[in-house]
Visitor: 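Before anything else, here's the structure in question.
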Amino acid sequence: MALQVYSTLSRKKEAFHKEPGDRVTMYVCGPTVYKPSHIGHMVGPVIFDTVKRYLTYLDYQVTWVVNVTDVDDKLIGRAKELNTTVPELAAKMTEDYFGCLKALNVTGIDHFPRATEHVGGMILMISTLIEKGHAYAAGGDVYFDVSRDADYGKLCNRDPEQLEAGSRIEVSDRKRNPGDFALWKSAKPGEPAEVQFDSPWGKGRPGWHIECSAMATKLLGDTLDIHGGGLDLQFPHHENELAQSESATGKEFARVWMHNGLLKLRDKEGKEDKMAGSKGNVLNVDRALKHVSGDVLRFFILQTHYRSPIDLGNWDWENPNTPIPAGLESAKAAFETFTRFAERVGRVTGTAFAQLPPTPPPGNATMTLAYADVLRRFQEHMDDDFNTGGAVGVLFDLVKRLNRLADEKKLEDPTAANPGAKAEFREGALLVRDLAGILGLTLAAPAAALGGGDELVSGLMQLLIDLRANLRTEAKGAAKDNPLKAALFAQTDLIRTRLAALGVTLEDRATGTTWRVN
RNA sequence: GGCCUCGUAGCCAAGUGGUAAGGCAACGGUUUGCAAAACCGUCAUUCCCCGGUUCGAAUCCGGGCGAGGCCUCCA
């Protein structure tokens, strides 16, 4: 089955319009950098990063652009509150955003254009729109004329007439129609000079929608292959982008429109809520990362199909005993299957999971029959509109199968030589690594699980483990009726129980004892 | 009011015409000095309800009930 992608514009899955080897352009609306990112801000980046990874795996040449809105009302307001400047605030919050992307292994973004660096291009596009009669200047503002756009509303199925009936809060008397939207906003009294730009219509700054149109066109051309963003941006943002871009260029703006679902959660009473600053139930990425790894956050997002709302489950967010929502706790527990497996690969093969040699690119790869079905199922899911939830299920199946193999053939037992089974295991492990890689999951144990790399901690742990190992050897050697046997085991159990109370789990294996911080 | 989603086990979730993936939790078992981990097994005769189409429906159509998003520069 070839790749199918759902487009909001047609409201159905369509065969992807490009051939492997082709260049693919992708534009996704990015953040307004005025506050630290919360986990909801990561949903889009994780999904589209995964889209790019899969397209790249299929041999497409993907160029991905995400804009950074570094001038707007919220930035101006927030900078004033913090007694700082808009550029300083924007720079700081952009750094925060980049840090979050890195933590979630979002590595595929090729360009991050800043709105303030492309004002010239926006002015050019606005001028074109005025020349073509699609926009008009009024008192220092410029508005897009919705009535001159015959197919306005086609993305979201909106009727411009209906918009008039709606209660628009900011009905400016400069607008000809209530549905018209600002392309250029004149500077207001008291606004700092740094948010004022020169234009043919006087000092001011660009409207929100025009920045995406201008920057996407500049960096990727008139027609995008994929335009993405959150479901909440469908209207008015994407509708307006589409209208102004097609009016300016006369060409189709985007072949495929992809919209990701939003996070949802429920309070302690079980009532559904959205994450919003006004409710106080915002989970910043920084805070979430204190409790779960970036891998887990990413895994959590990818368990659900990207077009569905992502359910965080119940969260008593005011209670310090429930620092993260139930859904994340559950994802954390589930993901340990993978991190433990990755560690096991190290024990079986003698090579750390992350250091496994690269697999030749698809096409050249000779997948043995043993795992061909796994790869096929994985691809079928991903080909079906990037069904990452189904793909994750395949990954679980594969890991279970390899664990069974390792159990049955005793692959961790150094005395049981079994080169054939080991080779089979190793090949499966490579596939796990590759498939997880397509999803952007590293499967690395979080640093915190190993004591944060603290040498003193690991030294002390090794001391305890060695001491305990001596006690265990003594105890095992003691005769059944020797009271010392029980006494010694009581001591080894005491160490383990006390460590557990501190959040450290000991695991005794044939090859020795390992430890982890929960 | 208009536009658009969604309703699958205690919880999350895939499946959109051929007889219900996967995960969390729970409970048995193997293994272990005992644990942990891993593995095996149990856990929805049924997919919100009522009709219809069909040889066949969780999937399509109509109606109802319930939840949510957007129409306000919220990702």
Side-chain angles (χ1 to χ4, degrees), chain A residues 8 11 13 28-32 37-45 69 72-74 153 156-159 161-163 165-170 181-182 207-209 229-237 239-240 260-264 271-278 299-300 303-305 307-314 326-327 329-337 340-341 343-344 377 381 384 387-397 399-400 403-408 412 472 475-476 478 480 485-486 488-490 492-493 496-497 500 505-510 513-516:
Chain A
T8 305
R11 303 211 175 271
K13 289 180 196 169
V28 176
C29 293
T32 299
S37 299
H38 65 246
I39 58 175
H41 293 115
M42 293 295 112
V43 173
T69 302
D72 100 327
D73 291 340
K74 286 181 304 209
C156 304
N157 204 270
R158 296 288 155 144
D159 178 356
E161 303 292 319
Q162 297 287 349
L163 291 174
S167 55
R168 259 186 184 261
I169 288 188
E170 214 176 336
F181 55 90
W208 178 37
H209 317 300
L231 213 48
D232 55 335
L233 294 180
Q234 269 185 3
F235 195 90
H237 187 233
E239 192 71 61
N240 291 172
N260 61 269
L262 309 179
L263 289 179
K264 67 170 184 177
K271 194 181 175 308
E272 282 205 21
D273 248 334
K274 63 196 264 186
M275 196 177 281
S278 56
F299 167 75
F300 169 74
Q303 271 183 299
T304 304
H305 184 93
R307 277 191 282 121
S308 302
I310 304 174
D311 195 346
L312 281 160
N314 290 65
E329 289 287 6
S330 162
K332 183 183 180 182
F335 199 70
E336 284 190 6
T337 301
R340 290 212 170 96
F341 173 76
E343 287 169 15
R344 188 174 200 181
R377 283 204 293 143
H381 279 117
D384 184 11
N387 185 351
T388 54
V392 162
V394 174
L395 208 51
F396 269 107
D397 284 344
V399 166
K400 174 160 285 193
N403 271 326
R404 193 189 306 143
L405 177 68
D407 278 2
E408 282 174 359
E412 285 182 68
R472 286 183 73 215
K476 283 184 191 174
K480 258 185 201 163
K485 192 182 185 84
L488 288 172
F489 272 132
T492 67
D493 291 345
R496 193 171 56 201
T497 310
T505 305
L506 290 187
E507 299 180 0
D508 294 325
R509 304 174 194 288
T513 300
T514 58
W515 62 281
R516 71 174 67 247

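Quantities reported herein were computed from a predicted structural model and do not represent experimental measurements. Quick note on labels: first sequence line is chain A, next is B, and so on, each numbered from 1.
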Visitor: Is it the case that the base of B:G15 and the side chain of A:N387 share a donor-acceptor contact (distance under 3.5 Å, atom types as modelled)?
Guide: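 Checked by distance alone, the answer is no.
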Visitor: Could you tell me whether A:R496 and A:D493 have a side-chain N and a carboxylate O separated by less than 4.0 Å?
Guide: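 A:D493 and A:R496: salt-bridged.
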Visitor: For B:U32, give the paired nucleotide (Watson-Crick: N1-N3 plus N6-O4 or O6-N4; G-U: N1-O2 and O6-N3; both under 3.5 Å), or none.
Guide: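 Across any shown strand, B:U32 pairs with none.
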Visitor: Among B:G2, B:C24, B:A75, which is the nearest nucleotide to the side chain of A:R158?
Guide: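 Closest nucleotide to the A:R158 side chain: B:G2.
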Visitor: Once you apply a heavy-atom cut-off of 4.0 Å, does A:G389 come out as touching a base, just sugar-phosphate, or nothing?
Guide: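 A:G389: base contact, heavy atoms under 4.0 Å.
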Visitor: Can you check whether A:R496 has a side-chain N or O nearer than 4.0 Å to OP1 or OP2 of B:A36?
Guide: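 For B:A36, neither OP1 nor OP2 has a side-chain N or O of A:R496 closer than 4.0 Å.
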Visitor: Can you tell me the pairing partner of B:U19 across any strand shown, Watson-Crick or G-U wobble, with both distances under 3.5 angstrom?
Guide: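 Looking at the geometry, B:U19 pairs with no nucleotide.
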Visitor: For A:R377, check salt bridge (Lys or Arg N to Asp or Glu O under 4.0 Å) against everything at least two apart and list the hits.
Guide: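 Once residues adjacent in sequence are excluded, the partners of A:R377 under the salt bridge (Lys or Arg N to Asp or Glu O under 4.0 Å) criterion are A:D397.
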Visitor: Please list each protein N or O that sits under 3.5 Å from an N or O in nucleotides 65-68 of chain B, with the distance.
Guide:
from	atom 1	to	atom 2	distance (Å)
B:A67	O2'	A:E272	OE2	3.2

Visitor: What residues form a side-chain contact (heavy atoms from CB on, under 4.5 Å) with A:A486, not counting sequence neighbours?
Guide: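 side-chain contact (heavy atoms from CB on, under 4.5 Å) check on A:A486 returns nothing, list empty.
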Visitor: Nearest to the side chain of A:R344, heavy atoms from C-beta on, is which of B:C24, B:A38, B:C3?
Guide: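 Minimum distance to the A:R344 side chain belongs to B:A38.
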Visitor: Identify the two heavy atoms, one from A:P309 and one from A:K264, that lie closest to each other, and give their separation to 0.1 Å.
Guide: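 Closest pair (atom of A:P309, atom of A:K264, distance): CB-CD, 4.3 Å.
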